[in-house]
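Notes follow once the structure below has been shown.
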Amino acid sequence: MSAAESKTSTGITVPAGFRAAGVTAGLKDSGGSDVALVVNDGPSKAAAAVFTRNRVAAAPVLWSRQAVSDGRADAVILNSGGANACTGAEGFQNTHATAEKTAALLGISASDVLVCSTGLIGMQLPMDKLIPGVEAAAADLSADGGLAAAQAIMTTDTVAKQAVFTGADGSFSIGGMAKGAGMLAPGLATMLVVLTTDADVAAPALDEALRAATAVTFDRTDSDGCMSTNDTVILLASGASGTVPDGDEFTRGLTEVCHSLAQQLITDAEGASHDIAITTVNAATVADAETASRAVARSNLFKTAIFGNDPNWGRVLSAVGTTDAAFEPDRIDVRINGVQVCRNGGIGEPRESVDLAPRAVSVEIDLHAGTESATIWTNDLTTDYVHENSAYSS
């Protein structure tokens, strides 16, 4: 059963051995729920995580990088309504205090608590609200709490994002939740993601699978070219199913869950009216294919053209031309929604033949330089995006 076909109503609590909660602590101006807690009840407490590559990393990222370095995590505490980034020593102490409080409530070590925050950068968290929120979340933990947790980490998201994969024989499952609707760029896209599995997988294998999955999903999700300070993807394994899965099947399932969540991020990107898949084929290397596709995904000229339903293939070529990918300019072909609008670096079929009314848009760039390919997922740049980000609030 694929991630797209699976039920997603309880996401991270579909795998056995996990409880979750989402509560309202008053951190958000909107009054929505804003504190989530995910607990691994074991028997295994194996964990892996990947984080933003932004050198300006938030306090929770600094804490969690160290906490997960031993391959173990018993719980993840998350808050929306404040990123706790660029907050100095006080911000780090607030992260530490959050982990300590969570640990005390659960009877575990603070070094086994991972912390995630999301929201506005450059503001201290109101600890007088957050700590009671942690207490409320711990009291509300449930095996049915996946949806509530997914809702509590939303900021400018309009919908909660969840996905589930079940192994072919039903012997193990993988669940996931994500948040993110803006600042989506590589370095994991801008998001918080928690993934859970009841498979029995050791921490080194979890790390290997997670890095393989994120490399072709979240790292290829590039909404607006802006990398966050808080990006975090955490994978917890409870081992509660008793199943030691085939490594390839586990990685495939994890990749399906990550791909589903990444696509949900793009679909819910701030102000977007088109979801765009940009695929470069017949490149000399995978890196060349990814570079060419990403250059187009980051072209504001291209993205605004798609917003205006204009299949302006010249903007595709001009973006590819800025890269160091191997190609001959007079051999490039471009197809937009299946219509070959550019042939051999020149005019192809009439651009009027391209229908950009549907939300889904596909762009194929053929470099005729090799056999490799890569897809970058992005969205158009709209006036709603500008309005959303000119007055951000949580």
Side-chain angles (χ1 to χ4, degrees), residues 3 6-28 30-41 45 47 49 60 64 73-83 98-99 101-103 105-106 108 112-119 129-165 173-181 191-198 230-238 240 257-258 260-261 264-265 268 394:
S6 301
K7 68 175 185 177
T8 60
S9 59
T10 52
I12 54 172
T13 51
V14 168
F18 293 94
R19 291 175 294 150
V23 300
T24 301
L27 306 181
K28 287 180 178 175
S30 65
S33 59
D34 45 28
V35 174
L37 179 59
V38 182
V39 175
N40 181 357
D41 290 320
K45 302 297 179 72
S64 297
D74 294 27
V76 184
I77 183 73
L78 311 94
N79 76 270
S80 53
T98 302
K101 184 63 177 181
T102 303
L105 291 166
L106 298 177
I108 59 178
D112 294 325
V113 177
L114 307 187
V115 182
C116 300
S117 298
T118 182
K129 296 180 180 179
L130 178 55
I131 293 302
V134 175
E135 295 172 341
D140 202 40
L141 283 166
S142 166
D144 298 321
L147 177 58
Q151 292 169 332
I153 61 175
M154 293 166 57
T155 51
T156 57
D157 308 67
T158 65
V159 294
K161 301 167 179 68
Q162 302 183 96
V164 174
F165 171 87
S173 59
I174 302 170
M177 70 175 185
K179 67 77 51 183
M191 65 201 175
L192 302 181
V193 177
V194 177
L195 304 160
T196 60
T197 182
D198 51 17
N230 291 62
D231 301 337
T232 303
V233 181
I234 294 167
L235 172 59
L236 308 174
S238 70
V257 170
C258 291
S260 174
L261 293 172
Q264 292 177 57
L265 295 177
D268 197 31
S394 58

Item checked: For Leu78, the option from Thr98, Val35, Thr118, Val194 that meets side chain to side chain contact (heavy atoms under 4.5 Å, CB included) -> Val194

With distance as the sole test, does [X] use its side chain to make a donor-acceptor pair with the main-chain N or O of [Y] at under 3.5 Å?
| X | Y | answer |
| --- | --- | --- |
| Asn40 | Ala75 | no |
| Asp198 | Ala240 | no |
| Asp34 | Leu27 | yes |
| Thr197 | Ser173 | yes |

Which heavy atom of [X] sits nearest to which heavy atom of [Y], and what is that distance?
| X | Y | result |
| --- | --- | --- |
| Ala36 | Ala149 | CB-O, 3.7 Å |
| Ala178 | Leu265 | CB-CD2, 4.3 Å |
| Ala16 | Ser238 | O-OG, 2.7 Å |

Could you check whether any side-chain heavy atom of [X] comes within less than 4.5 Å of a side-chain heavy atom of [Y], counting everything from C-beta outward?
| X | Y | answer |
| --- | --- | --- |
| Cys116 | Ile153 | no |
| Leu106 | Asp74 | no |
| Leu37 | Val134 | no |

Using 0.5 Å steps for rounding, measure from the [atom1] atom of [X] to the [atom2] atom of [Y].
| X | Y | atom1 | atom2 | result |
| --- | --- | --- | --- | --- |
| Asp112 | Thr102 | CG | OG1 | 12.0 Å |
| Gln162 | Ser260 | CD | OG | 10.0 Å |
| Met191 | Gln264 | CE | CD | 12.5 Å |
| Leu147 | Ser142 | CG | OG | 11.5 Å |
| Met177 | Ile12 | CE | CD1 | 4.0 Å |

Notebook entry, point to check: Can you name the one residue among Asp41, Asp140, Thr13 that meets side chain to side chain donor-acceptor pair (under 3.5 Å) with Arg19?
Noted result: Asp41

Check: Quick one: do Lys161 and Asp268 make a salt bridge, cutoff under 4.0 Å?
Finding: yes

Check: Just checking, any donor-acceptor pair under 3.5 angstrom between side chains of Ser80 and Lys179?
Finding: no

